[in-house]
Amino acid sequence: MIDIELIRQQPELVKAGMIKRNMQPALIDKARSLDSRRRELLVDVETLKAERNKASKEIGASKDKTAREEKIAAMRAVGDRIDALDSELAAVDAQLDELMATLPNVVEDRVPAGGEEANVVVKEWGDKPKFDFVPKAHWDLGPQLGIINFDQGVALTGSRFYVLSGAGARLQRAIISWMLDLHIRQGYTEKYTPFLVRSETLFGAGQLPRFAENLYKDHEEDLYMIPTAEVPLTGLHMGEILDEADLPRRYTAYSPCFRREKMSAGRDVRGIKRGHQFDKVEMYKFCTPEDSVAEFEQMMADAEATAQGLGLPYRVILKGAGDTSEAAHISFDIEAWAAGCGEWLEVSSISRVGDYQARRAAIRYRPKGGKGTRFVHTINGSGLALPRVMIAILENNQQADGSVRVPKVLAPWMGGVDVIRAEK
RNA sequence: GGAGGGAUGGCCGAGUGGCUUAAGGCGGCGGUCUUGAAAACCGUUGUGGGUGGCAACACCCACCGGGGGUUCGAAUCCCUCUCCCUCCGCCA
């Protein structure tokens, strides 16, 4: 949620942001007119309520029966007018809230206007591997090694599901453990959260109402399966007022993620690139506005360290406004090179969210010495999405005989397996 | 699943229709005392919104788990939902 005050004071700035994202700037004018109508109604209804409060107090204190009866009758009429104005106000409030809930965050100046086509490569790291044979794609390599079984996933659940087996399952678990331990060393506190959350929690993180159709829902209980650990991590301090001394808070969490992928139906259908269920290790920070740029840059470095540690060549992308998360001021993606399918795969997205989520989830802090409360700033980033990391490792580290070298850092979790060979 | 009891400010906790502008305590902040600190004492201390003001601030409205209702007036009465606790049952 953006600050209504920003819309009042600098509507043109907010509109410019909408235009950069290819969205309708007229929505800002709509918000302004609803806001001013709301304030007119508030003045009227609050004046009447003040009158009623005063009279009610007098009624309570009065001993004169006739005077009491007269006042009660008069207040009955005032009460009716209050009811009428209140319901009109509630209608305006509901419209304004609904609109505000859908407005995206204002992007930074350096974010290019336009959608995905406007994305800019800002950095490349590592060398693409060279082969003296034709490298295979993981959808061939995985089944040949016996570590990815697509048929079983389809039989169990349906398309875009798969089963990992033996060294494949172990490799994924090793990456998760290594990443969590790395993030802990980087100063994050590990969290294990529910993977089912209420709608309020999703609203706080900005997933609802916009992504409703992309979420799996238990209709009986009004619970949703999380699309990312960012959701429960945002919710950890929902409704709280933190002390400045407690900031920054840096969390990391492993979780499975569930997405219907309705919006990208038909894309990336081969292999394990875009399943309905995937695992991810997430990083999340709550900090003061003053610290948020530095904490964001540090998280970028922390995410890059995971790709570097695994020896994955990657590039960093500054996302175009239309492709930037609606909650974010700015987002960078980390894309790992996958030699077999010959693609850059998005393995991480790091976003500086400002107070957008904090407003929605009511997460504030008390500034040291200062008065009142301020909204915290939040930052989120994936410490790499597992299936795509698996793809990059398998495809980049494959050898002529079809075996795959395991990155050295994973050794402690691989039980001595340094090369994955075809399973019997 | 069954029965009962709860949810009050940063925290604990009183409060069953108008003397509550939510008692009291803890914590926080300021002060007195002290070489300094502790203790003691005094004062102060919620959130959101609106109006006016350059501003410090002033005034008003709302908020006692969420939503709805009764009433001139609700923390208090009624309905409903959520969550927590105790006991029983069932299951891992």
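This structure is a prediction, so every number in the text was calculated from the model and none was measured. Below, chain A is the first sequence line, B the second, and so on; all start at residue 1. As a basis for the values below, the full set of heavy atoms in this structure was taken, side chains included, without hydrogen atoms, waters or symmetry mates.
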Q: Using a 4.0 Å heavy-atom cut-off across all strands, classify A:Arg8 as base, sugar-phosphate, or nothing.
A: sugar-phosphate
Q.
Measuring only the P atom in each nucleotide, how far is B:rG66 from B:rU8? A whole number of Å is fine.
A. 10 Å
Q | Nearest-angstrom distance from the residue atom CG of A:Leu85 to P of B:rC61 | A | 16 Å
(Q) Apply side-chain contact (heavy atoms from CB on, under 4.5 Å) to residues A:Met283 and A:Asn380 and explain how you reach the verdict. (A) CA-CA 6 Å; A:Met283 293 178 280; A:Asn380 68 77; over 6 Å; no
Q) Mind checking who B:rU51 pairs with, Watson-Crick or G-U wobble, both distances under 3.5 Å? A) B:rA58
Q. Roughly, in whole Å, what's the span from CG in A:Asp97 to P in B:rG67?
A. 13 Å
**Q.** Interatomic distance where CG belongs to A:Leu242 and P belongs to B:rC11 [whole Å]
**A.** 12 Å
Q: Both distances under 3.5 Å, Watson-Crick or G-U wobble: report the partner of B:rA40, or none.
A: B:rU32
Q) With both distances kept under 3.5 Å, what pairs with B:rA75, Watson-Crick or G-U wobble? A) none
Q | Pairing nucleotide - B:rA92, Watson-Crick or G-U, each distance under 3.5 Å | A | none
Q: For B:rC83 and B:rC26, measure between their P atoms and round to the nearest Å.
A: 36 Å
(Q) Ignoring hydrogens, what is the shortest heavy-atom contact between A:Arg8 and A:Arg38? Give both atom names and the distance. (A) NH2-NH1, 4.5 Å
Q. Can you tell me the Watson-Crick or wobble partner of B:rC87, both distances under 3.5 angstrom?
A. B:rG2
Q. Using the P atom in both, what is the distance from B:rA39 to B:rU47, to the nearest Å?
A. 26 Å
Q. Mapping A:Ile241 and A:Arg76 onto RNA chain B by nearest heavy atom, which one lands closer to the 5' end?
A. A:Ile241
Q: Could you check whether the rings of A:His329 and A:His377 sit parallel, tilted or perpendicular, using 30° and 60° as the cut-offs?
A: tilted
(Q) Measure CG/A:Asp80 against C1'/B:rC72 and give the value in whole Å, please. (A) 11 Å
Q) Given atom CZ of A:Arg366 and atom P of B:rG27, what is their separation to the nearest angstrom? A) 17 Å
Q) In whole Å, what separates the P atom of B:rG18 from that of B:rC29? A) 38 Å
Q. What integer number of Å spans the C1' atoms of B:rG15 and B:rG48?
A. 25 Å
Q. Of A:Ile59 and A:Arg364, whose closest RNA chain B nucleotide lies nearer the 5' terminus?
A. A:Arg364
Q: Using the P atom on both, measure B:rG13 against B:rU21 and round to a whole Å.
A: 24 Å
**Q.** Gap between atoms OH and C1', on A:Tyr365 and B:rG10 respectively (whole Å)
**A.** 17 Å
Q) Any Lys/Arg nitrogen of A:Glu46 or A:Lys49 sitting under 4.0 Å from an Asp/Glu carboxylate oxygen of the other? A) no
**Q.** Partners meeting salt bridge (Lys or Arg N to Asp or Glu O under 4.0 Å) with A:Lys408 (sequence neighbours left out)
**A.** none
**Q.** Complement of B:rG27, any strand, by Watson-Crick or G-U distances under 3.5 angstrom
**A.** B:rU45
Q. Atom CZ of A:Arg198 to atom C1' of B:rG66: distance rounded to whole Å?
A. 10 Å
Q) For atom P, what is the distance between B:rG49 and B:rA56, given to the nearest Å? A) 15 Å
Q: Look at the aromatic rings of A:His276 and A:Tyr216 and report parallel, tilted or perpendicular, splitting at 30° and 60°.
A: perpendicular
Q | Salt-bridge present (A:Arg274, A:Glu261; N to O < 4.0 Å) | A | yes
Q: Over all heavy atoms of both residues, which pair between A:Leu394 and A:Val404 is shortest? Give the atoms and the distance, please.
A: O-CG2, 3.7 Å
Q | B:rG28 and B:rC85, which share atom name C1', separated by this distance in whole Å | A | 30 Å
Q. Between residues 37-57 of chain A and RNA chain B, which residues have a heavy-atom gap below 4.0 Å?
A. A:Arg38, A:Arg39, A:Leu42, A:Val43, A:Glu46, A:Lys49, A:Ala50, A:Arg52, A:Asn53, A:Ser56
Q. Expressed in angstrom and rounded to an integer, what is the separation of A:Glu58 atom CD from B:rU21 atom P?
A. 14 Å
Q. Under a 3.5 Å cut-off for both distances, is B:rU82 Watson-Crick or wobble paired, and to whom?
A. B:rA7
Q: Determine whether more than 12 heavy atoms belonging to other residues, nucleotides or ligands lie under 6.0 Å from atom CG of A:Asp109.
A: no
